[in-house]
There are 2 protein chains.
Amino acid sequence: MPQSANKQPLAATLHQPEHNHLLNALSADVQQRLFPHLELVEMPLGKVLYESGDVLRYVYFPTDCIVSLLYVMENGASAEISVVGFEGLVGVALFMGGESTTSRGVVQSAGYAYRLFGNRMKDEFNRHGELLYLMLRYSQALITQMAQTAVCNRHHSIDQQLCRWLLLSLDRLKDNHLIMTQELIANMLGVRREGVTEAAGRLHRQGVIDYSRGHILVTNRCKLEQLSCECYSVVKTETDRLLPFNKLDKAFKK
Amino acid sequence: MPQSANKQPLAATLHQPEHNHLLNALSADVQQRLFPHLELVEMPLGKVLYESGDVLRYVYFPTDCIVSLLYVMENGASAEISVVGFEGLVGVALFMGGESTTSRGVVQSAGYAYRLFGNRMKDEFNRHGELLYLMLRYSQALITQMAQTAVCNRHHSIDQQLCRWLLLSLDRLKDNHLIMTQELIANMLGVRREGVTEAAGRLHRQGVIDYSRGHILVTNRCKLEQLSCECYSVVKTETDRLLPFNKLDKAFKK
DNA sequence: CCCTCTATGTTCGACAACGAACAGAGTTAA
DNA sequence: TTAACTCTGTTCGTTGTCGAACATAGAGGG
């Protein structure tokens, strides 16, 4: 608590709501109504934002963290459905009307997010203005990502999927450095840890990544894209089309 | 053409917009605005409603047909993302704002649907009334189905997936009789035809289905549910929660 | 420093799904 | 009836992933 009280003021100077691309895309008018109610929250690795079936209390607008929407089955096996960073928000079910989903939201890369009370979000949404249409377009981008995940799970090898996953993460980070164990990646992809170890070893031998004990450094992004299946670029192209203000390449990058 | 001119009047007496559960759930007020613009169209097996990237001209409200949202990859391999019958509509991208999707819409079981000009749909949607909120809830149901498909593709066997697929289809049909070759089912599931033949053979030996040359008869639905993975019931339960007026069991059934 | 814990590396046999090839059986058209 | 075609059945060897078991090595605490 004392250390968090320490951190918050510093964090608040480093983070701005505009770092989230959806918040940034809103007009000054809407921003003035929403921003006073935003609350900067720390998002530590592994934090669970909601469980399957939970009624959502907040929506989260990541600034520099990454959140995975993960599905967990009865037997404990899991699979990532989609991933959300500063380009999106977590909690679309709030304005879709369901209030809950069958997935779990979990922080995959630590950082910060702005959160907003669900009712505030719904109030603005129900003005039927900009926010409504922005959220609809974002939802379609999310749908595209889910559909592509389904296809990828069906047809592509672990090697290809690992490449796709690394690229999706990379686009949502400031640098080429991921803090992520192979075990966690395996959970996301819904495969065995050993499978990830082998695939990562092959990428390393090809000079694409370096890694050790929970740190992954992408050293050759270009080659990573070549080794990935088409799924990455399909999702990226479609997301850029739907949210043109929201190009992932331009974010935070040099 | 002459035979179609023959069929239409008969079909129009047998089909009503209310046979689609979404249309039926609208208030008289909204129905009065929309129904005059609905057009009953025949939906023959294999008809492609739109290709990946096409700008959608219409939305389709199935009455007794089933439409698959299919993703087709660069190399021709395919996978079904979700399935739509009288409980839903085809073309959510129209009001989501994207106007197009990365999937293909194809008729999986012949029948009829009411179609509505995209602009009419958007006009009513942009009144920000009932239709908006109904479409949002339906979209979330669709999202749930896609997410579950992704998980199912990752973790479950062909046998389980075939059961799931048969159940999803059965819920959208009047009787227990599917007109569908194993080849087509294989395309939907994104697996080899031989794999479906073997799985279907096993189901037959267990007394669950009969089939021959493009006709499948489910003789023991109860057992089919036991053999299916959890994915079927998760999607069904969540769909019923989101669209409670829209219980699949009660449709057209005895 | 040692000990423990966590992350990664490696190997084994098992198995489900694959690609390819071909055989039979039912349906339709000539 | 014959011929062509479609749908289903079956087999073969191959491959990717699995489950399990165990080895090694870096990190951190006592």
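So that the names make sense, note that chain A is the first sequence line, chain B the second, and so on, each numbered from 1.
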Between [X] ([atom1]) and [N] ([atom2]), how many Å, whole number?
{"X": "B/Asp159", "N": "C/dA17", "atom1": "CG", "atom2": "P", "value": "7 Å"}
{"X": "B/Gln182", "N": "C/dG24", "atom1": "CD", "atom2": "P", "value": "19 Å"}
{"X": "B/Gln160", "N": "C/dA16", "atom1": "CD", "atom2": "C1'", "value": "12 Å"}

Of [range], the positions that come close to DNA chain C - non-hydrogen atoms, cut-off under 4.0 Å:
{"range": "residues 148-158 of chain A", "answer": "none"}
{"range": "residues 204-213 of chain A", "answer": "A/Tyr211, A/Arg213"}
{"range": "residues 185-203 of chain B", "answer": "B/Val191, B/Arg192, B/Glu194"}

### B/Arg241: side chain to side chain donor-acceptor pair (under 3.5 Å) partners, not counting sequence neighbours
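With sequence neighbours excluded, B/Arg241 shows a side chain to side chain donor-acceptor pair (under 3.5 Å) to A/Ser100, B/Glu238, given in chain and number order.
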### Query
For A/Asp159, which residues count as a side chain to side chain donor-acceptor pair (under 3.5 Å) partner, sequence neighbours excluded?
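Here the qualifying residues are A/Arg202.
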#### Entry: Spatial distance of atom CG (A/Asp54) from atom OG1 (A/Thr101) [nearest 0.5 Å]
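Taking CG in A/Asp54 and OG1 in A/Thr101, the distance rounds to 8.5 Å.
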### Query
OG1 of A/Thr63 to CE of A/Met43: how many Å apart, nearest 0.5 Å?
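With rounding to 0.5 Å, OG1 (A/Thr63) is 8.5 Å from CE (A/Met43).
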### Message
I'd like to know if the side chain of A/Ser82 reaches the main chain of A/Met146, judged simply by a donor and an acceptor atom lying under 3.5 Å from each other, with no hydrogens or angles considered.
### Response
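Looks like no, no N/O pair under 3.5 Å.
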### Query
Under the 3.5 angstrom rule, does the side chain of A/Arg164 hit a backbone N or O of A/Gln160 as a donor-acceptor pair?
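No; zero donor-acceptor contacts below 3.5 Å.
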### Query
Is there a side-chain contact between B/Ile179 and B/His215, using heavy atoms and a 4.5 Å cut-off?
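In short, these two side chains touch, coming nearer than 4.5 Å.
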### Side chain to side chain, B/Leu89 and B/Val84, heavy atoms closer than 4.5 Å
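When only atoms from C-beta onward are counted, B/Val84 and B/Leu89 do not touch, as no gap falls below 4.5 Å.
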### Query
Can you list every side-chain hydrogen bond (donor to acceptor under 3.5 Å, both in side chains) pair that touches residues 69-80 of chain B, not counting sequence neighbours?
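Residue pairs with at least one partner in residues 69-80 of chain B: A/Gln148-B/Tyr71, B/Ser68-B/Glu80, B/Glu80-B/Gln108, B/Glu80-B/Trp165.
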### Query
A/Thr197 and side chain to side chain donor-acceptor pair (under 3.5 Å): which partner among A/Arg192, A/Gln182, A/Glu183?
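The single option meeting the side chain to side chain donor-acceptor pair (under 3.5 Å) with A/Thr197 is A/Gln182.
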